[in-house]
Peer 1: 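Below: one structure in structure tokens.
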Amino acid sequence: MAGFRLVDVAVGGLTLRAAIAGDGPPLLLLHGHPQTHVTWRKIAPALARRFTVVAADLRGYGDSSKPAGGPDHIAYSKREMAKDQVALMARLGFDRFALVGHDRGGRVAHRLALDWPEAVEKLCVIDIAPTATMYAMTDKAFATRYFWWFFLIQPYPLPERMIGADPDYFLRHHLAGQTRTPGATEPEAFAEYLRCYLDPAARHAICEDYRAAAGIDLVHDAADRETRIAAPLLALWGAKGVVGDLYDVLETWREKARDVRGHALDCGHLVQEERPEETLAALLAFL
């Protein structure tokens with residue numbers, strides 16, 4: 001990303017890769033699957049004119065460490081993944097920050113805002129409804145359109161081996177199914193995502209992330225059923241995507257947070273890649 005420096009930061013026995021630029025108030029950006037921090041390339045340089053932007057690779061993704069999943073896939077619980085990011089920001093000198101998460105990064109951000117409310121000034125989640133809500137409302141339409149939620153959680157090594165047979169095809173098919181804007185993920189960005197996806201450890205970590213979401217994360221969510229996110233929350237979603245089609249997005253978040261606002265953009269799931277100017281405008285107005 002133009003103007004950003006790459007750093008590898010040691011936290012809790014792991015190494016997290018992050019791209020950093022700017023010198024204003026701290027802003028943490030968390031990507032989703034199957035992306036890396038590079039998903040923010042179209043908006044991060046502009047954000048860095050106003051904020052100190054930290055675009056991190058989640059554990060298991062990109063060039064961050066890929067630890068073993070452990071019992072109940074605990075190492076890829078959103079609680080552990082959120083703890084990484086709190087530690088990363090603390091190592092960089094930031095105990096409180098604004099937070100933006102897309103897809104899996106949004107789920108990590110949700111847990112982070114619950115477990116470390118004092119750390120989160122404002123929170124934006126992009127194209128997700130809460131995990132527990134989506135699983136509770138599962139029907140044929142959702143299971144068909146988000147099949148990987150049920151494929152990737154199958155016991156090791158089934159999904160890992162099947163994806164490993166042709167990672168390029170799986171990644172292209174996955175991204176094509178998510179976007180409604182042809183060319184939004186340009187060849188250079190796809191090549192970077194594929195570079196990371198070709199690592200068997202990354203593919204296993206991704207499966208562990210989803211396995212945790214269907215297990216230990218739901219246990220944690222159930223325990224916090226009555227807890228509301230304290231920080232102001234902005235929800236953005238693609239009007240042409242699955243989340244916008246199947247859920248009343250704002251209502252799902254009003255069940256989880258005290259102060260919620262947001263709107264849809266004319267795109268699919270990859271909001272920040274498909275509609276970067278509108279995404280940037282919404283984030284600047286909110287932050």
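Worth knowing before you read on, the calculation uses all heavy atoms, side chains too, and leaves out hydrogens, waters and symmetry mates.
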Peer 1: May I ask you to test the L171-F190 pair for a side-chain heavy-atom distance under 4.5 Å?
Peer 2: yes

Peer 1: Are there more than 12 heavy atoms of other residues, nucleotides or ligands under 6.0 Å from atom OH of Y156?
Peer 2: no

Peer 1: Which other residues belong to the hydrophobic cluster containing F286, where Ile, Leu, Val, Met, Phe, Trp and Tyr are joined when side-chain heavy atoms lie under 4.5 Å apart, directly or via other members?
Peer 2: M1, F4, L27, L29, W40, I43, L47, F51, V53, V100, I126, L234, L236, L265, V271, L280, L283, L284, L287

Peer 1: So among T181, L175, T39, which one has a side-chain contact (heavy atoms from CB on, under 4.5 Å) with L270?
Peer 2: L175

Peer 1: Hey, is the main chain of P67 close enough, under 3.5 Å, to the side chain of S65 for a donor-acceptor pair?
Peer 2: no

Peer 1: Enumerate the salt bridge (charged side-chain N to carboxylate O under 4.0 Å, His left out) contacts for residues 91-101, please, sequence neighbours excluded, ordered by first and then second residue.
Peer 2: none

Peer 1: Please round to the nearest 0.5 Å and tell me the distance separating atom OH of Y197 and atom OH of Y61.
Peer 2: 7.5 Å

Peer 1: Mind jotting down which residue pairs meet the ring-ring contact (aromatic ring centres under 6.0 Å, His included) criterion with at least one end in residues 76-132? Sequence neighbours excluded, please.
Peer 2: H102-H269, H110-W253

Peer 1: State, with a plain yes or no, whether a side-chain heavy atom of R41 is found less than 4.5 Å away from one of E186.
Peer 2: yes

Peer 1: If we check salt bridge (charged side-chain N to carboxylate O under 4.0 Å, His left out) with R79, which of these qualifies: D217, D84, D224?
Peer 2: D224

Peer 1: Quick check for you: to the nearest 0.5 Å, what is the distance between I153 atom CD1 and L158 atom CG?
Peer 2: 11.5 Å

Peer 1: Group every Ile, Leu, Val, Met, Phe, Trp and Tyr by side-chain heavy-atom contacts under 4.5 Å, then state whether I74 and I206 land in the same group.
Peer 2: no

Peer 1: In terms of the angle between their ring planes, are H174 and F170 parallel, tilted or perpendicular, with boundaries placed at 30° and 60°?
Peer 2: parallel

Peer 1: For D166, what residues pass the salt bridge (Lys or Arg N to Asp or Glu O under 4.0 Å) criterion, not counting sequence neighbours?
Peer 2: none

Peer 1: When clusters are formed by joining ILVMFWY residues with side-chain heavy atoms under 4.5 Å apart, either directly or through shared neighbours, do F151 and W149 land in the same one?
Peer 2: yes

Peer 1: Tell me whether T252 contacts the main-chain N or O of V249 through its side chain, where contact means a donor paired with an acceptor under 3.5 Å.
Peer 2: yes

Peer 1: Nearest 0.5 Å please: distance from the CD atom of E160 over to the CG atom of L152.
Peer 2: 8.5 Å

Peer 1: Looking at CG of L30 and CZ of R104, how far apart are the two atoms once the value is rounded to the nearest 0.5 Å?
Peer 2: 12.5 Å

Peer 1: R203: what forms a side-chain hydrogen bond (donor to acceptor under 3.5 Å, both in side chains) with it, not counting sequence neighbours?
Peer 2: none

Peer 1: Should we count CZ of R261 as having more than 12 external heavy atoms under 6.0 Å?
Peer 2: yes

Peer 1: Which residues satisfy the side-chain hydrogen bond (donor to acceptor under 3.5 Å, both in side chains) test with D199, sequence neighbours excluded?
Peer 2: none

Peer 1: Are D209 and K78 close enough that some pair of their side-chain heavy atoms sits under 4.5 Å apart?
Peer 2: yes

Peer 1: Taking only residues two or more places apart in sequence, or in another chain, which ones meet E208 in a salt bridge (Lys or Arg N to Asp or Glu O under 4.0 Å)?
Peer 2: R211

Peer 1: Around E277, counting heavy atoms of other residues, nucleotides and ligands shown, do more than 12 lie under 6.0 Å from its CD?
Peer 2: no

Peer 1: In Å, rounded to the nearest 0.5 Å, how long is the span from CG of L16 to NE2 of H37?
Peer 2: 12.5 Å

Peer 1: D57 side chain to R17 main-chain N or O, any donor-acceptor pair under 3.5 Å?
Peer 2: no

Peer 1: Given side chains that start at C-beta, do those of H204 and K66 come closer than 4.5 Å, heavy atoms only?
Peer 2: no

Peer 1: With sequence neighbours excluded, what pairs up with R195 under the salt bridge (Lys or Arg N to Asp or Glu O under 4.0 Å) test?
Peer 2: D63, E192

Peer 1: Quick one: does E274's side chain have a donor or acceptor within less than 3.5 Å of a partner on A184's backbone?
Peer 2: no

Peer 1: Run the ring-ring contact (aromatic ring centres under 6.0 Å, His included) test against H73 and tell me which residues pass, sequence neighbours left out.
Peer 2: none

Peer 1: Rounded at 0.5 Å granularity, tell me how far CZ in R228 sits from CZ in R225.
Peer 2: 10.5 Å

Peer 1: Are W237 and Y247 close enough that their ring centers fall under 6.0 Å?
Peer 2: no

Peer 1: Hey, are the side chains of H31 and D103 touching, using non-hydrogen atoms and a 4.5 Å cut-off?
Peer 2: no

Peer 1: Take atom CG of D23 as the centre, draw a 6.0 Å sphere, and report whether it contains more than 12 heavy atoms from other residues, nucleotides or ligands.
Peer 2: no

Peer 1: Could you see if L246 belongs to whatever hydrophobic cluster contains F147? Use Ile, Leu, Val, Met, Phe, Trp, Tyr and a side-chain cutoff under 4.5 Å.
Peer 2: yes

Peer 1: In terms of hydrophobic clusters joined by side-chain contacts under 4.5 Å, are M134 and I216 together?
Peer 2: no

Peer 1: Check whether any side-chain N or O of R49 sits under 3.5 Å from a backbone N or O of G22 as a donor-acceptor pair, and report yes or no.
Peer 2: no

Peer 1: Any donor-acceptor pair under 3.5 Å linking the side chain of D8 with the backbone of T15?
Peer 2: no

Peer 1: Could you check whether any side-chain heavy atom of C207 comes within less than 4.5 Å of a side-chain heavy atom of Q154, counting everything from C-beta outward?
Peer 2: no

Peer 1: Might you confirm whether atom NE2 of H173 has over 12 heavy atoms from other residues, nucleotides or ligands at distances under 6.0 Å?
Peer 2: no

Peer 1: Less than 4.5 Å apart, any side-chain heavy atom of L14 and any of S64?
Peer 2: no

Peer 1: Which pairs count as side-chain hydrogen bond (donor to acceptor under 3.5 Å, both in side chains) when at least one residue sits in residues 278-287, sequence neighbours excluded?
Peer 2: none

Peer 1: Less than 4.5 Å apart, side chain to side chain, heavy atoms only: is that true for L233 and R258?
Peer 2: no

Peer 1: Between T52 and G24, is there a donor-acceptor pair closer than 3.5 Å when you use the side chain of the first and the backbone of the second?
Peer 2: yes

Peer 1: Quick one: side-chain hydrogen bond (donor to acceptor under 3.5 Å, both in side chains) partners of T185, sequence neighbours excluded?
Peer 2: E273

Peer 1: side-chain hydrogen bond (donor to acceptor under 3.5 Å, both in side chains) with Y210: which residues, sequence neighbours excluded?
Peer 2: H33

Peer 1: Tell me if the centroids of the rings in W148 and Y146 come within less than 6.0 Å of each other.
Peer 2: yes

